[in-house]
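Here's the structure, in structure tokens; my notes come after.
Below, all heavy atoms of this structure are taken into account, side chains as well, without hydrogens, waters or symmetry copies.
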Amino acid sequence: MNLRIEPIGLVLAVIYAIACWGARKVSLDQFYLPAGVRVAALLLCPPRLWPYLILGEYAYFAQMRYPLVEKYGWAWVVVASACLMPAVALVVRLHRRMMTETRQAWLISVGAVSAVVVTTLNIFLSELLWPIPPEMPVPTALARYAVGDFIGILTVAPLAMLWATRHSAPDWTAVFFRPVLATLSLMALLGFSAALVPTESTTVKTSLQVLMALPAIALTCLLGWRGAAIAVPVLNLIIGLTTPKPYPSSFDPATFTTQLIMATAGVALLVLGSRITHYYYHSRIRDDSEKIAIKLARSSHVASEIGLRERALHLRKIGDGMDVSLNEVVNWLKLQGHHDIAGSLLHTSAVHSRQFRAQASMVYPTALDQLGLYVALQAGGVRESWDLTHRVTRPRLEGDPCHLSVDLQLAAYRAMTDAVSLLLDSETGQIQVRARCGRYGPSRGILVTIGLLDSERSLSEATMITAVERLAGRALAYGGVVQCRRNRVRLLMTEAHTHAAREPACGSWTDRFEAPGRGSNQAIT
């Protein structure tokens, strides 16, 4: 056998023995802190160091039980001191697979099973090895000692798990200290008040102790499992330390009843906090996934627009080259005396060049980069195509789109052209386009409304469904929404406002963009 003795293990054994000794000094049988120290040590230390914990506990029991050899015998001192830590280590080992989950409710199972196993072993070995069996009935001893061990575990083990998981969520400490400080101060005040109540006023004292559960509940609701991991130990610790203890094995029935209530409440709080943390964790994962998906969608739109921009610039260069070549041909025809043919060719080439450039601008509105969204809508090829249908009225455009990013303007441009094309294909009658740019708080955005000019008509169900399917992708990528109501399609797109320009405070987005009764060109409804 190759047995290596690690110095850190020996130091751990000494620290563990001292911790158990100190915890026993402030413990009672109905509030047994060494049971919590035992479970906490097993949870914090890796399995390779567990033998040193067994050694440390045996040393702790040796100094405490050696004076009892003559009364209870060597067999009980040796056997009872050596089997408790291995039994609890086995319980923790069997729960090891559950510890990888985000829920921390498994700690209750560890505490309950450990308390029952240790109490059962103690009572069984006492009945078997003591020269004179204990006077206390077995059911009474089992209930009293098991509850005392379980309360001790609930007092120490959650703090150990809180320390072990301190790096799992780096941002939780930002909202941790203030509510914890306020809650602990209130609980300490109630506990101190209960300790000052005369012994005869049992009802008042119990009421004050039970009231300490209210701050614990509040902290659990605020911080989830971490709040319960702070509140439950402090709750048990205040009650345990204020319990009258004329001697270590003394028993206070009134406090024991309160401890039973608080142990039940502690279990409920740990389970509640675990569920709150579990659902918060999954909700945060879902929110992060949505943000990543939106970011990827926006990046995809930007990448496609970059490709279209390069293609539009290439088409412009081709158009410029064609114009130069045609001008050279026209000049040559004029020099040869063919003025009529040159004039006809010049007129035809001018028409075709304008159409070519209009189609190129519909591939990508290059005017938008320098002059903004509204100029691109009124001076580009899209406006000519709308005029040719004789169904799209003059757009009503308000606000300054140049305060928006180019990416958002491009997204709004594509959404407007898609919506108009959809209504031209699916509906009859005149179409009106309205847009308004504005800001509210940290966000800037644009509200677009494309609807039928006839307010008495309504869009068909198929048109509404298709509009949502086509436009929702761009709207969601920019934190917006798409709504279809009666005769119109409304589209809101926003982005964070990052520059330092200051503007008058405004109301909500609805107040900002839908302001009925503010003049003929002020309302978009």
| Does the side-chain contact (heavy atoms from CB on, under 4.5 Å) test come out yes or no for S114 and I153, once each step is laid out? | CA-CA 9 Å; S114 300; I153 294 171; 4.1 Å; yes

| Are the side chain of S385 and the backbone N or O of V382 linked by a donor-acceptor pair below 3.5 Å? | yes

| Derivation and outcome, side-chain contact (heavy atoms from CB on, under 4.5 Å), residues Q430 and L452 | CA-CA 6 Å; Q430 297 293 307; L452 301 177; over 6 Å; no

| said: Under the salt bridge (Lys or Arg N to Asp or Glu O under 4.0 Å) definition, can you give me all pairs with a residue in residues 416-427, not counting sequence neighbours? | reply: E427-R457

| field | Under 3.5 Å: donor-acceptor pair, side chain of S274, backbone of L270 | value | no

| query | side chain to side chain donor-acceptor pair (under 3.5 Å) with Q409: which residues, sequence neighbours excluded? | reply | none

| said: Pair L368, V375 - check side-chain contact (heavy atoms from CB on, under 4.5 Å), show working. | reply: CA-CA 7 Å; L368 186 147; V375 175; over 6 Å; no

| When you check the side-chain N and O atoms of T463 and S460, is any donor under 3.5 Å from an acceptor? | yes

| field | Heavy-atom check, side chain of M161 versus side chain of W225, under 4.5 Å | value | yes

| Does the pair I239 and Q259 meet the rule for a side-chain contact (heavy atoms from CB on, under 4.5 Å), with working shown? | CA-CA 7 Å; I239 295 176; Q259 286 178 322; 3.8 Å; yes

| task | Could you check if a side-chain atom of S405 sits within less than 4.5 angstrom of a side-chain atom of E495, using non-hydrogen atoms only? | result | yes

| message | According to salt bridge (Lys or Arg N to Asp or Glu O under 4.0 Å), does anything in residues 381-393 pair up with another residue at least two apart or in another chain? List the pairs. | response | R383-D387

| query | Any side-chain heavy atom of C437 sitting closer than 4.5 Å to one from L404? | reply | yes

| task | Ignoring hydrogens and angles, tell me if any N or O in the side chain of W50 forms a donor-acceptor pair with the backbone of C45 under 3.5 Å. | result | yes

| message | Are more than 12 heavy atoms, taken from residues, nucleotides or ligands other than Q370, located less than 6.0 Å from that residue's CD atom? | response | yes

| Atom pair CZ/CG of R38 and L33 - distance to nearest 0.5 Å | 12.0 Å

| Any side-chain donor near an acceptor of the partner, Y478 and R474, under 3.5 Å | no

| query | Once you round to the nearest 0.5 Å, how far does CG of L272 lie from CD1 of I217? | reply | 8.5 Å

